[in-house]
Amino acid sequence: MPELPEVETIRRALAPRIVGRMIVDAGAFASAKFTDAELTRGATFEAVDRRGKYLIARLDTAKDLVVHLGMTGVLRTADQRSTNDKFLRAWWHLDDGMFLEFSDVRRFGRVAVVANGHYEQLPTLHALGPEPLSNDFDASVFHRALNASNRAIKTQLLSQRPVAGVGNIYADEACWIARVRPQARTITKPGATRLHTAIREVLEDGIRRKGTTLRDYRTFDGNYGENQHHLRCYGRAGEPCDRCATILRKTVLDARTTTFCPVCQRS
DNA sequence: CGCAGCGCCTGAAGGC
DNA sequence: TGCCTTCAGGCGCTGC
């Protein structure tokens, strides 16, 4: 499940391969989630940016190609268009002969072409919180945002509103590092400050390790990330807490598996 | 307008 | 072996 570190890792490898390239042809799987890809024919890539988990390629046609990888989306290059991938959802043929392909088993991903900066038809992107690794991410604002709602802290992180780019894995990791209970509905100022720091830490570590590969995620070169070998909390229910040796517990929060330490994540 | 609840998807894994 | 059930979960949509 690509979150910010995975998408940023892909962006860094993707950008130098496609910026300056013109799209000779493009096609898509017959679903409204992907057919926008065809609207990029004839355009040239000017830049590849990222907001949260969204890749945003700026085109010279004053439009943005927005790609969300969903749960199982993979971007890759090919010399020839794949004919044996039944999960190919969109493809772009570039003027240097390369094919850029978007494969996505579960179709939770999405491709959209919109006027530059106009994300109204992508509500989560439109209302996206601050970039966690930028100066826009402020601990005091974050504290107030979390306490402005009565929803669980982790629920709010996953909503992408108080901060962008955090998904289930990095939410569990950040809450564990910050000693914040994911189910808590309020958070103290020190707790929010710890969480603010922890979010930056887990995302930076994730980028440094080129992402977390649990099953489907691959870097743009097709390799595994490395961060899955460094998880402190996610997926470790039943194992002892690295900090206090209490057995980590699993619960379900908003239909998502949540792992936490019942002793040292007090919040 | 915020948000709870649900549906979308399909392969892997486990039970029998 | 094979059928069935459960699980994984980000996000858009609906309706209260």
Side-chain angles (χ1 to χ4, degrees), chain A residues 1-10 28-36 50-56 66-75 84-90 102-114 118-129 132 144-175 182-186 199 202-203 206 211-218 224-225 227-228 231 233-238 250-260:
Chain A
M1 50 221 87
E3 304 179 29
L4 187 150
E6 290 73 37
V7 177
E8 176 62 18
T9 299
I10 290 165
F29 177 82
S31 156
K33 297 177 97 177
F34 306 104
T35 48
D36 266 16
R50 179 193 53 72
R51 275 287 280 134
K53 307 174 197 173
Y54 293 82
L55 278 170
I56 303 177
V66 181
V67 176
H68 194 290
L69 299 172
M71 289 271 302
T72 56
V74 172
L75 282 171
N84 58 348
D85 179 2
K86 62 178 180 174
F87 305 121
L88 187 66
R89 306 305 180 193
F102 178 39
S103 182
D104 180 18
V105 170
R106 290 186 202 172
R107 286 190 241 164
F108 280 19
R110 173 161 184 190
V111 171
V113 174
V114 301
H118 286 261
Y119 306 128
E120 296 82 0
Q121 61 175 272
L122 296 153
T124 303
L125 174 58
H126 187 58
L128 198 61
R144 282 196 294 276
L146 291 177
N147 280 338
S149 162
N150 190 41
R151 305 161 89 190
I153 298 300
K154 182 175 172 184
T155 301
Q156 296 199 61
L157 294 180
L158 298 182
S159 80
Q160 310 299 305
R161 303 274 309 237
V163 63
V166 177
N168 202 35
I169 297 171
Y170 294 95
D172 275 8
E173 293 297 290
C175 286
Q183 306 94 317
R185 290 178 182 271
T186 59
I199 286 169
V202 298
L203 296 179
T212 303
T213 299
L214 294 179
R215 182 184 300 240
D216 299 287
Y217 165 71
R218 298 289 184 277
Y224 292 175
N227 198 52
Q228 65 276 14
L231 298 175
C233 182
Y234 177 89
R236 296 190 57 191
K250 177 159 83 174
T251 185
V252 176
L253 189 56
D254 298 318
R256 288 172 187 88
T257 301
T258 296
T259 306
F260 68 103

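Chain naming here is simple, since letters A, B, ... match the order of the sequence lines and numbering starts at 1 in each.
Each of Arg215(A) and Arg161(A) lies near DNA chain B, and the nucleotide nearest Arg161(A) is the one positioned closer to the 5' end.
Side-chain contact, Thr72(A) with Asp104(A): a donor N or O sits under 3.5 Å from an acceptor N or O.
Heavy-atom neighbours of Arg236(A) CZ from other residues, nucleotides or ligands within 6.0 Å: above the threshold of 12. Sparse packing is recorded around OH of Tyr224(A), with 12 or fewer heavy atoms of other residues, nucleotides or ligands lying under 6.0 Å away.
The closest donor-acceptor contact from the side chain of Thr213(A) to the backbone of Gly225(A) lies under 3.5 Å. For the pair Glu120(A) (side chain) and His126(A) (backbone), a donor-acceptor distance under 3.5 Å is absent. In this structure, the side chain of Gln160(A) does not engage the main chain of Gly129(A) through any donor-acceptor pair within 3.5 Å.
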State the dot-bracket string of DNA chain B. Criteria: Watson-Crick or G-U wobble, both atom distances under 3.5 angstrom; notation: ( ) intrastrand, [ ] crossing earlier pairs, | interstrand, . unpaired.
.|||||||||||||||
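Residue Tyr234(A) is in sugar-phosphate contact alone, with no base atom involved, counting any heavy-atom pair closer than 4.0 Å across all strands shown. Contact annotation for Ser149(A): backbone-only contact, meaning every heavy-atom pair under 4.0 Å involves sugar-phosphate atoms and none involves a base.
Between Asp172(A) and Lys154(A) there is a salt bridge, since a side-chain N of the basic residue sits under 4.0 Å from a carboxylate O of the acidic one.
The footprint of chain A on DNA chain B, defined by a heavy-atom cutoff below 4.0 Å, extends from dC3(B) to dA12(B).
Rounding to whole angstrom units, CG of residue Asp254(A) and P of dA8(C) are separated by 14 Å.
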Decide side-chain contact (heavy atoms from CB on, under 4.5 Å) for Leu75(A) and Leu55(A); before the verdict, give the C-alpha distance in whole Å, the side-chain angles of both, and the deciding distance to 0.1 Å.
CA-CA 11 Å; Leu75(A) 282 171; Leu55(A) 278 170; 3.5 Å; yes
Protein-proximity profile, nucleotides 10-16 of chain C, B/S/- by nucleotide at the 4.0 Å heavy-atom cutoff, equals BBS----
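Geometrically, Arg89(A) does not engage Phe102(A) in a cation-pi contact, judged by NZ or CZ lying under 6.0 Å from the ring centre and within 45° of the ring axis.
Distance check: His68(A) NE2 to Lys53(A) NZ gives 5.5 Å after rounding to the nearest 0.5 Å.
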